[in-house]
Amino acid sequence: MTNWQELDSKYYMQTIVRHPVTLVKGEGVRVWDDEGKEYLDFVGGLAVNCLGHCHPVVADAVAEQARTLMQTSLWYYTVPMLRLAELLVKNSCLDRVFIGNSGLEANEGAVKLARRYGSLNLNGAYEVITTSNSFHGRSLAMTAASGQAKMHEAFEPLPVGFINVANNDIEAIKAATSDKTCAVMLEPIQAEGGVNISDDDYLKKVRDWCDQKRILLILDEVQTGIGRLGTLFGYQLYGIEPDIMTLAKGLGGGMPIGALLAKEKAAVFTLGDHNATFGGNPVTSAAAYATLKYVLDNDIVGNAGKVGQYLMAGLKALQGKYPFIADVRGRGLLLAAEFNADIAQEVLMSCLDNGLLVNRLKPNAIRLIPPLIIDNNDVDEALGILDKALATMAT
Ligand code: PLP
């Protein structure tokens with residue numbers, strides 16, 4: 001049998017310490033490794049597989065479109081991207097869409113759009129205010145936008161025009177705003193940076209400030225969008241509307257796609273300003289249309305909210321049992337458990353041994369980001385395995 005891990009160490013760029021399993025198959029909320037072992041998947045392709053693995057609706061859409069028309073370029077009208085754009089606009093507060101391939105690409109587009117807005121309406125203002133511990137992707141500009149020093153150090157000099165300020169602090173945003181500012185860019189809940197919940201009124205205050213200063217509010221909903229928080233979009237949880245929003249992850253139901261959305265007043269790209277070879281790709285757009293339609297027609301968002309509460313209650317019960325769980329937090333099915341010691345890797349490995357995939361968020365925290373179709377039985381099973389893992393930590 002081929003040793004896939006040996007091939008990885010020989011041929012693949014070593015940018016991440018992979019977990020010692022080779023996954024070969026997925027169905028619903030489960031995956032299997034090359035030795036036939038089954039796992040309950042509470043990582044879901046990193047908050048991507050909102051309908052689980054290989055959902056027939058998504059797989060059929062991909063297969064059918066792949067046999068019909070795969071790639072054309074944006075020089076032609078194609079049906080899937082236009083159906084997707086219409087569905088996104090009709091179900092959000094935004095008016096126009098540009099379809100790209102990933103989260104970082106959508107965010108790059110958002111910043112370009114904000115700079116274009118600044119050049120047209122704000123005397124050339126170009127700076128974007130972002131927050132500490134945010135994560136917006138790994139291109140050079142999104143590395144600069146992300147408020148994490150450890151991401152910056154090896155890659156300096158980084159593109160200019162990003163001001164990182166304290167998170168969840170409206171005064172910090174106010175203090176950083178100048179006549180060079182064109183936008184504030186935030187995640188409704190910081191995901192990669194620690195599942196950091198914004199104060200209830202924080203986004204409203206930021207919205208008001210942006211209105212007062214006539215600058216744009218960009219919400220990076222790459223992880224929070226498409227039902228993850230128990231609302232279709234994170235902005236609905238906080239009762240505000242962004243001027244620009246980005247999506248990726250859950251949007252394609254497992255296929256690589258990203259979307260940049262904007263209100264009419266902010267959709268200021270003119271001819272020649274933006275393009276992408278694979279932009280609006282028919283296959284990924286068809287997958288995203290099928291995913292979003294299924295999410296909407298089957299109240300997958302409501303399920304994420306309800307099962308998320310059940311999972312949160314279970315985590316709280318575990319916290320009661322194991323005092324070394326310092327905190328459990330999150331919304332919907334974006335949840336984290338933080339420990340008072342750096343045991344996340346051990347917990348992860350124990351869960352893996354017992355057939356559960358969880359994500360190591362930080363050395364002292366794990367994250368649970370399962371498919372949005374999970375039910376209470378899946379949660380009970382996961383909590384049972386987690387309980388077993390935690391019991392070994394306690395001894
Ligand atoms: N923005 C947020 C909030 C994310 O969570 C991520 C990925 O984790 C990204 C952007 C980057 O997306 P991608 O990995 O598709 O480039």
Side-chain angles (χ1 to χ4, degrees), residues 13 15-16 43-50 98-114 128-148 150-152 155 162 164 167-168 183-198 203 217-229 231 233-235 237-238 242 244-261 276 278-279 281 284-285 287-288 291 330-336 358-362 365-370 372:
M13 288 197 195
T15 63
I16 192 165
V43 177
L46 263 191
V48 166
N49 302 317
C50 56
F98 182 92
I99 308 284
N101 305 286
S102 67
L104 81 82
E105 190 184 322
N107 286 339
E108 289 273 349
V111 169
K112 271 181 78 177
L113 197 53
V128 176
I129 298 174
T130 66
T131 55
S132 59
N133 291 318
S134 58
F135 181 80
H136 299 294
R138 291 191 181 268
S139 63
L140 280 174
M142 288 310 111
T143 294
S146 300
Q148 303 194 38
K150 67 175 190 293
M151 286 174 65
H152 294 184
F155 302 103
F162 297 96
N164 301 143
N167 186 37
N168 214 7
V184 176
M185 176 154 115
L186 304 172
E187 299 160 78
I189 289 179
Q190 289 183 339
E192 300 298 312
V195 184
N196 305 319
I197 313 288
S198 309
L203 287 179
L217 175 58
I218 304 170
L219 283 189
D220 175 347
E221 296 237 22
V222 164
Q223 189 149 165
T224 52
I226 318 296
R228 177 64 48 192
L229 303 181
T231 49
F233 303 110
Y235 69 76
L237 198 60
Y238 291 97
I244 298 175
M245 174 173 78
T246 56
L247 299 172
K249 292 202 181 264
L251 179 61
M255 292 295 280
I257 189 166
L260 162 66
L261 294 90
F278 294 114
N281 174 268
T284 56
S285 296
T291 302
R331 293 285 183 279
L333 286 170
L334 173 59
L335 298 174
V358 300
N359 170 247
R360 188 176 53 122
L361 182 61
K362 296 195 283 187
I366 58 165
R367 178 174 43 160
L368 304 177
I369 35 177
L372 309 184

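Counting starts at 1 for both ligands and their atoms, in listed order. Both backbone and side-chain heavy atoms feed into the values below; hydrogens, waters and symmetry mates do not.
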Problem set entry | Check: Q223/E192 side-chain N/O donor and acceptor closer than 3.5 Å |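 A donor-acceptor contact under 3.5 Å links the two side chains.
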For this session: Indicate whether any N or O donor in one side chain lies under 3.5 Å from an N or O acceptor in the other, for D220 and N107.
Result: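 The criterion, which ignores hydrogens and geometry beyond distance, is satisfied for N107 and D220.
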Exercise. Got a sec, which pairs hit side chain to side chain donor-acceptor pair (under 3.5 Å) with one end in residues 138-147, sequence neighbours left out?
Worked result: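 Checked against side chain to side chain donor-acceptor pair (under 3.5 Å) - neighbours excluded - the pairs reaching residues 138-147 are E108-S139.
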Inventory of protein N or O atoms under 3.5 Å from ligand 1 N or O:
residue, atom, partner, partner atom, Å
ligand 1, 1 (N), F135, O, 3.3
ligand 1, 1 (N), D220, OD1, 3.2
ligand 1, 1 (N), D220, OD2, 2.7
ligand 1, 5 (O), Q223, NE2, 2.9
ligand 1, 8 (O), E192, OE2, 3.4
ligand 1, 8 (O), K249, NZ, 3.2
ligand 1, 15 (O), G103, N, 2.8
ligand 1, 16 (O), L104, N, 2.9

Exercise. E105: what forms a side-chain hydrogen bond (donor to acceptor under 3.5 Å, both in side chains) with it, not counting sequence neighbours?
Worked result: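 Once residues adjacent in sequence are excluded, the partners of E105 under the side-chain hydrogen bond (donor to acceptor under 3.5 Å, both in side chains) criterion are N101.
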Problem set entry | Residues forming a ring pair (Phe, Tyr, Trp, His ring centres under 6.0 Å) with F135, sequence neighbours excluded |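 Once residues adjacent in sequence are excluded, F135 has no partner under the ring pair (Phe, Tyr, Trp, His ring centres under 6.0 Å) criterion.
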Exercise. At what distance, to the nearest 0.5 angstrom, does CG of N164 lie from OG1 of T131?
Worked result: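 Taking CG in N164 and OG1 in T131, the distance rounds to 8.0 Å.
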